[in-house]
Amino acid sequence: MSDPPPTRFEVRTADWLSFDEAQRRIFTEARRLAAELIDVSDSLGRALAEDLKATATLPPWDNSAMDGYAVLGDDIAGASPSTPVVLTVTGAVRAGEAPGAPVEPGQAVRIMTGAPVPASADSVVRVEDTDAEANPGSVRVLRNRDLGRNIRPAGADMQIGDVVLRAGHVVTPGAVAALSSLGLTSVSVVRRPSVAILATGDELRTPDRYDDVRIGAGVPESNGPMLAAAVTHASGVPIRLGTAADDELDLRARIENAADADALVTIGGASMGEADLVKRVLDDLGFEQSFWRVRMRPGSPFGFGWLPRQGRMQPVFGLPGNPSSAFVTFELFVRPFLLTLAGHRNVLRRTLRCVAGELLKGPADLTCFLRVGLDSGSHPAQVTLVGPQGSGLVRTLLAADGLAVLRDGVGEIAEGELVDVMLIDDAPAAEPFRTA
């Protein structure tokens with residue numbers, strides 16, 4: 001039997017991990033946060049903290065699936081346009097009313113959709129198969145196709161004690177309907193993780209300083225807003241720490257302001273080398289680094305570790321500063337971690353087996369994630385690159401439907417061959433970015 005994998009306290013730092021090993025180190029440390037009680041109306045997108053069981057039988061009675069007539073099946077067995085069956089109408093029942101007296105042979109009860117079916121009736125004849133208007137007080141049944149049909153039995157939806165929703169289920173509009181059907185106005189959900197986001201670099205310019213970008217004296221600070229949106233999309237609460245200058249005092253002050261967050265994400269300076277200011281400040285604060293650099297592209301200078309915070313360890317993700325690298329590493333490492341903290345059962349993006357619409361290439365000694373668009377009109381879907389794959393580009397993130405995965409050891413996938421694609425958005429992509 002092989003030895004168990006080392007914990008973060010047994011191995012302080014590793015370098016150039018495989019993609020799978022980097023994911024394993026991060027995911028095995030993720031623990032669900034505590035639960036909180038909120039209104040059902042505020043629960044959309046939240047993960048349930050506990051299983052929920054039915055405390056009532058639904059529907060509570062046999063009810064009609066049609067507007068028509070509740071009858072005995074034996075009475076209408078031979079009904080046809082040439083040999084209609086005439087039945088006496090003894091009453092009517094609507095949704096919300098009591099079912100009334102049982103149906104006797106030769107009788108029919110006018111019934112509306114959702115109304116309780118009178119005792120002994122075993123069929124509901126749709127109104128279109130009758131000529132009720134021709135004979136007041138009676139109904140002629142012209143067809144027998146509804147024999148034994150159109151009755152929804154009590155308990156068909158749920159019965160007392162049924163587990164209707166399980167812990168980890170993410171609340172959707174359909175789930176809200178189920179929660180309301182259980183009679184709930186409040187529900188226990190897992191707390192959303194708070195995530196402090198710190199962009200670093202003297203060269204970054206926020207929108208209020210965009211004139212510097214126009215004259216070539218800086219670059220747009222797009223990572224902070226992008227990752228704040230990504231955190232929200234991953235069921236987290238973003239805390240923007242602003243943009244830190246390349247100054248140890250500034251960095252330290254901002255990082256110390258993140259002490260209460262469930263996780264810290266730094267952007268830029270992710271090489272974690274000796275001269276890196278972010279790493280230096282973190283080390284001064286007691287940082288325990290698990291690893292840095294992953295054999296992947298884009299995003300190899302990615303690091304992960306732990307910072308002591310008043311009796312607990314805060315996970316710290318060091319993301320590269322290039323936008324595509326920051327986006328990809330967030331998707332692959334940070335997003336699943338946050339979803340696990342938030343109690344979600346399904347934390348990984350869906351992967352589709354697609355067909356390469358062109359040659360896909362990458363370094364054979366790295367796991368590569370190429371930004372691609374999907375042509376869903378073909379089966380299986382065909383994928384092509386959405387544009388240049390440079391890690392500093394932003395427009396390809398807008399255009400991409402997914403990330404084509406070239407595993408370590410696979411240098412290329414030829415046109416027409418199968419390729420796994422990790423979806424990053426279920427919405428249609430924008431027009432691919434093409435160079436002239």
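Keep in mind the model is a prediction, meaning the values are calculated, not measured.
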Exam field: side chain [X] to backbone [Y], donor-acceptor pair closer than 3.5 Å:
X: Glu29; Y: Ile26; value: no
X: Asp42; Y: Asp39; value: no
X: Gln23; Y: Leu332; value: yes
X: Glu417; Y: Val355; value: no
X: Arg371; Y: Gln389; value: yes
X: Asp162; Y: Lys53; value: no
X: Ser120; Y: Val103; value: yes
X: Ser18; Y: Glu21; value: yes
X: Thr113; Y: Asp67; value: yes
X: Asp62; Y: Ala154; value: yes

task = Using the six-membered ring of Tyr69, assess whether NZ or CZ of Arg110 lies under 6.0 Å from its centre and within 45 degrees of the ring axis.
result =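 Satisfied, under 6.0 Å and within 45°.
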For the pair [X] and [Y], find out whether any cationic side-chain nitrogen is under 4.0 Å from an anionic carboxylate oxygen.
X: Arg309; Y: Asp262; value: no
X: Glu128; Y: Arg145; value: no
X: Glu221; Y: Arg205; value: no
X: Arg295; Y: Asp408; value: yes
X: Arg353; Y: Asp420; value: yes
X: Arg280; Y: Asp284; value: no
X: Arg24; Y: Asp20; value: no

For the atom pair [atom1] ([X]) and [atom2] ([Y]), what is the distance rounded to the nearest 0.5 Å?
X: Leu264; Y: Trp306; atom1: CG; atom2: CH2; answer: 12.0 Å
X: Ile38; Y: Arg191; atom1: CD1; atom2: CZ; answer: 13.0 Å
X: Arg297; Y: Leu366; atom1: CZ; atom2: CG; answer: 6.0 Å
X: Ser64; Y: Arg152; atom1: OG; atom2: CZ; answer: 7.0 Å
X: Leu17; Y: Phe302; atom1: CG; atom2: CZ; answer: 10.5 Å
X: Asn150; Y: Asn63; atom1: CG; atom2: CG; answer: 11.0 Å

request  = Please list, chain by chain and in numerical order, all residues satisfying salt bridge (Lys or Arg N to Asp or Glu O under 4.0 Å) with Arg252, sequence neighbours excluded.
outcome  =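 Listed in chain order: Glu256.
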Test item: [X] and [Y] side chains (from C-beta on) under 4.5 Å apart, heavy atoms:
X: Leu277; Y: Asp247; result: no
X: Thr329; Y: Val334; result: no
X: Thr367; Y: Leu406; result: no
X: Leu374; Y: Val421; result: yes
X: Asp401; Y: Val383; result: no
X: Val195; Y: Val237; result: no
X: Pro315; Y: Phe304; result: yes
X: Thr200; Y: Ile267; result: no

Measure across [X] and [Y] and return the closest heavy-atom pair with its distance rounded to 0.1 Å.
X: Leu48; Y: Val190; result: O-CG2, 4.3 Å
X: Asp250; Y: Thr243; result: OD2-O, 4.4 Å
X: Leu339; Y: Ala234; result: CD2-O, 3.3 Å
X: Val386; Y: Gly373; result: CG1-N, 3.2 Å
X: Ile111; Y: Ala70; result: CG2-N, 3.9 Å
X: Glu50; Y: Ser188; result: OE2-CB, 4.0 Å

query = Given Arg25 and Ser290, is the side-chain hydrogen bond (donor to acceptor under 3.5 Å, both in side chains) satisfied, shown in steps?
reply = CA-CA 8 Å; Arg25 284 192 174 219; Ser290 175; 3.3 Å; yes
task = Run the numbers on Asp212 and Val219 for side chain to side chain contact (heavy atoms under 4.5 Å, CB included), then give the verdict.
result = CA-CA 8 Å; Asp212 286 354; Val219 297; over 6 Å; no
inquiry  = I'd like to know whether Leu403 forms a side chain to side chain contact (heavy atoms under 4.5 Å, CB included) with Leu370, so could you lay out the CA-CA distance, the side-chain angles of the two residues, the decisive distance to 0.1 Å, and finally the verdict.
reply    = CA-CA 5 Å; Leu403 301 174; Leu370 305 178; over 6 Å; no
[X] atom [atom1]: more than 12 heavy-atom contacts under 6.0 Å:
X: Phe27; atom1: CZ; result: yes
X: Asn346; atom1: CG; result: no
X: Arg335; atom1: CZ; result: yes

inquiry  = Suppose we screen for side-chain contact (heavy atoms from CB on, under 4.5 Å). Which residues come up paired with Asp211, at least two apart in sequence or across chains?
reply    =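 In terms of side-chain contact (heavy atoms from CB on, under 4.5 Å), with neighbours along the sequence ignored, Asp211 is linked to Arg214.
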query = Aromatic ring centroids of Phe333 and Phe19 under 6.0 Å?
reply = yes
Ring centres under 6.0 angstrom apart (Phe337, Phe317) =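 Yes: the rings meet the under 6.0 Å criterion.
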ask   = Quick one: do the Thr206 and Asp208 side chains pair a donor with an acceptor below 3.5 Å?
value = yes
key: side chain to side chain contact (heavy atoms under 4.5 Å, CB included) partner of Arg192, the single match among Thr232, Leu341, Leu33   = Thr232
task = List the steps, then state whether side chain to side chain contact (heavy atoms under 4.5 Å, CB included) holds for Met296 with Val328.
result = CA-CA 10 Å; Met296 62 182 289; Val328 169; 4.1 Å; yes
task = Start with the C-alpha distance between Leu182 and Val164, add both sets of side-chain angles, then the distance that settles side chain to side chain contact (heavy atoms under 4.5 Å, CB included), and finish with yes or no.
result = CA-CA 9 Å; Leu182 296 178; Val164 179; 3.9 Å; yes
